[in-house]
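Here the structure comes first, spelled out in structure tokens, and everything after it is commentary.
Order of the sequence lines sets the chain letters (A, B, ...), proteins ahead of strands, with each chain counted from 1.
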Number of protein chains: 2
Amino acid sequence: MTGRVRWRDDALGSWLGYWFDRLRGLRTDKHQAGFGTIRSEDGNLAHPDSPVRMERAARPMAAGEKDDAGQDAAARSATGTLGKAMALLELVAMADRPLRLTDLLHRCGQPRGSLHRQLCHLVAEGLLRQRPDLSYEPGLRLLKLAHRAWSRNDVKTLARPYLSRLHDATGETVHVGILSGVEIVYIDKVESRQTVRMDSRIGRSAPAYCTGLGKAALSALPPAALDSLLSCMVFERFTANTHSSRSSLLCDLEAIRRCGYAFDREEHEKEIRCVAAPVHSVQGNLVGGLSVTGPAYRVSMEQLEAWSGAVSSAARALSDDLSVALGPDMRGF
Amino acid sequence: MTGRVRWRDDALGSWLGYWFDRLRGLRTDKHQAGFGTIRSEDGNLAHPDSPVRMERAARPMAAGEKDDAGQDAAARSATGTLGKAMALLELVAMADRPLRLTDLLHRCGQPRGSLHRQLCHLVAEGLLRQRPDLSYEPGLRLLKLAHRAWSRNDVKTLARPYLSRLHDATGETVHVGILSGVEIVYIDKVESRQTVRMDSRIGRSAPAYCTGLGKAALSALPPAALDSLLSCMVFERFTANTHSSRSSLLCDLEAIRRCGYAFDREEHEKEIRCVAAPVHSVQGNLVGGLSVTGPAYRVSMEQLEAWSGAVSSAARALSDDLSVALGPDMRGF
DNA sequence: GAAGTATATTCCATATAATGGAACAGTTGG
DNA sequence: CCAACTGTTCCATTATATGGAATATACTTC
């Protein structure tokens, strides 16, 4: 074997439930070990944000760079073939236009033969679709699978009544989301009117550090887990109010922990404010949040403050429901 | 190698775009060949319906059964590791409750070691989530990927104005769907009110032969493709009006082809009627439909008849838009 | 319309990762 | 406490993925 860098080593995110079990020492796992998720020595997480970056092996590795052995050994035992396929799928899905083979070739630095075969497999499985012009885009099978994932989701089901009630009380759009790595994934919502697009945000993911839901969720994490996540956050600045450093985020989180709710002070999108509260099962394997969102011109910070009580009590109630539903007794649920 | 049957050979569906290219002889493909999709001799499709059946290899193959060589050779060159992983994912996703390792063991007849590793990989990738009680359910990553697949979907984007217009004209729920194998996948909708569940049907899939959208789509298929699909339909009876045979379906399709629109006469769900019209790009690589759906007590067959013109002209217009968008000139769209 | 360039596809010896049987460990229940 | 069941780990074998180069196919450009 040449000393070649594995192109997928640092791609892809990892997933909360998994981390938690690891962090709580519940599982020893050999199979899942490595793939760059947790560096064994310092316990840090590698690249859990999902916009995939595969460029690493694009260049043939200049002299002097050494592919350090430990990293290599750890990263080698990845999720294998599946991991590569998923990294590729993510790359196509997260692109903003259909990509052709050559485009992908440049972005992931894999040899043509391999890449082509992988794409063929993905297309045959319906995960990708190949357009008449030979470019690739995400396939319908994803929709179908996601529908099942969504319609059977415990959190969504349990949250619904609280969402409705919050919506009735506030008249604004109400969200529930789950933390997945360093991102928050929107699971369900009830909105004021047919605003812009019907369900534009369900399934959408956004960075945790700059959204109300995300910060609420982060505030509920045990210190070790939070540390792991922090170490792999990239603080991109979306607005003037976006947290741009670890310390400013930590300060905010501390405040959130004290009062039990979080604000999004136009940190992700200009003119959009929100108040959110953390939701978590006692087992700690699921962390998310509930939020009320509105446009700045209509919703003042005072208004959000006034709603904070309702939001956090709803979040607490939902947390209890969740803990019961996921509890050891209820196998099937 | 022992003469053991590969457990995955007959699992899983295949996907329309792919078939079309095959059927039109556009691609020679070696990589995608086989996996039981198209039997080389008679051109039939094997098991394109998606509710997965993996039980085949559960028994150790009784004496006398022979795993015929041709089939074996064809089926062997599958989508490989990815295919197995996806079949497993589908199995979990389509189940109606979280499954534990042993449950899966019974359903797919794979050795424990292999199954366990595959599940670990799926969990590590976020495609599955392992609950505290060690059972598996579909993971959040599916939602995230599907969101991208959905929000960038050409058909959805192009269909939206027509959906709105049809909804305004009829006041009932309007759907757009795409044919994917023998199933129709709901891509988008505009609904009358916040009926039962907000977007319950987006991403849902239903059999083509008993839905208005599905029949409309089938009617637009070239004979060869239709034949292929017919040969692997299983006519399950949902209501008294459900087509229960190939011939009755064909007869209906003929009528649909003549008049340009299809009815669902409470064939899938009791008390639900719909009128639909086919949508297809000239290239023939995308087939779907547009429909107006309503409850039987409110929407008479005469009413549907009256709407048929609007539906089919909208469908024609959308078809044109699609053909342009997918046309050879517009690379990026 | 021919030569040139960029792209997609196929081939095949080799390296790698999946396989599957069996042994081990942790839980439940009588 | 022992049986019966579950989930996990191990490791030699074998099937599968790999990747570089050769070939085919489209699009430009002159």
Would you mind reading off the distance between [X] atom [atom1] and [N] atom [atom2], rounded to a whole angstrom?
X      : N      : atom1 : atom2 : value
B:L105 : D:dG7  : CG    : C1'   : 11 Å
A:H106 : C:dA8  : NE2   : C1'   : 13 Å
A:L115 : C:dT7  : CG    : P     : 13 Å
A:K84  : C:dA15 : NZ    : P     : 15 Å
B:H116 : C:dG21 : NE2   : P     : 17 Å
B:L119 : D:dT6  : CG    : C1'   : 14 Å
A:L134 : D:dT25 : CG    : P     : 13 Å
A:R117 : C:dA17 : CZ    : C1'   : 12 Å

Subject >> side-chain N/O B:Q118 vs C:dT19 OP1/OP2, d < 4.0 Å >> reply: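 Yes, because at least one side-chain N or O of B:Q118 sits under 4.0 Å from OP1 or OP2 of C:dT19.
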Original post:
Among D:dA17, D:dT6, C:dG20, which nucleotide sits nearest the side chain of B:P111?
Top reply: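 It is C:dG20.
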Subject >> Proximity to the side chain of B:Q110 - top-ranked nucleotide from C:dG20, D:dT6, C:dA18 >> reply: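 Given the options C:dG20, D:dT6, C:dA18, the side chain of B:Q110 is closest to C:dG20.
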Original post:
Which atom names give the shortest non-hydrogen contact between A:Y136 and A:L101, and what distance separates them?
Top reply: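 Between these two residues, the closest heavy atoms are CE1-N, 4.3 Å.
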Subject >> For the student: nearest non-hydrogen atoms of A:R97 and A:D103, plus distance >> reply: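 It is NH1-OD2, 3.9 Å.
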**OP:** Quick one: do A:V282 and A:L322 satisfy side-chain contact (heavy atoms from CB on, under 4.5 Å)? Show the steps, please.
**Re:** CA-CA 8 Å; A:V282 280; A:L322 259 179; over 6 Å; no
Subject >> Residue mapping more 5' on DNA chain C - nearest nucleotide basis, A:T102 or B:T81 >> reply: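 Closest to the 5' end, via its nearest nucleotide, is A:T102.
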Subject >> Closest-nucleotide ordering on DNA chain C, the 5'-leading residue of B:S114 and A:L101 >> reply: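 Its nearest nucleotide lies further toward 5', so the answer is A:L101.
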**OP:** Please report the C-alpha distance between A:R152 and B:E137 in whole Å, then the side-chain angles of each, then the deciding distance to 0.1 Å, and finally whether the salt bridge (Lys or Arg N to Asp or Glu O under 4.0 Å) criterion is met.
**Re:** CA-CA 9 Å; A:R152 286 175 37 194; B:E137 64 182 10; 5.1 Å; no
Original post:
Does a side-chain heavy-atom distance below 4.5 Å link B:V287 with B:I178?
Top reply: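 Heavy-atom side-chain distance check fails, nothing below 4.5 Å.
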Original post:
Between the side-chain atoms of A:R112 and the base atoms of C:dA8, is any donor-acceptor pair under 3.5 Å?
Top reply: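 In this structure, the two groups form a donor-acceptor pair.
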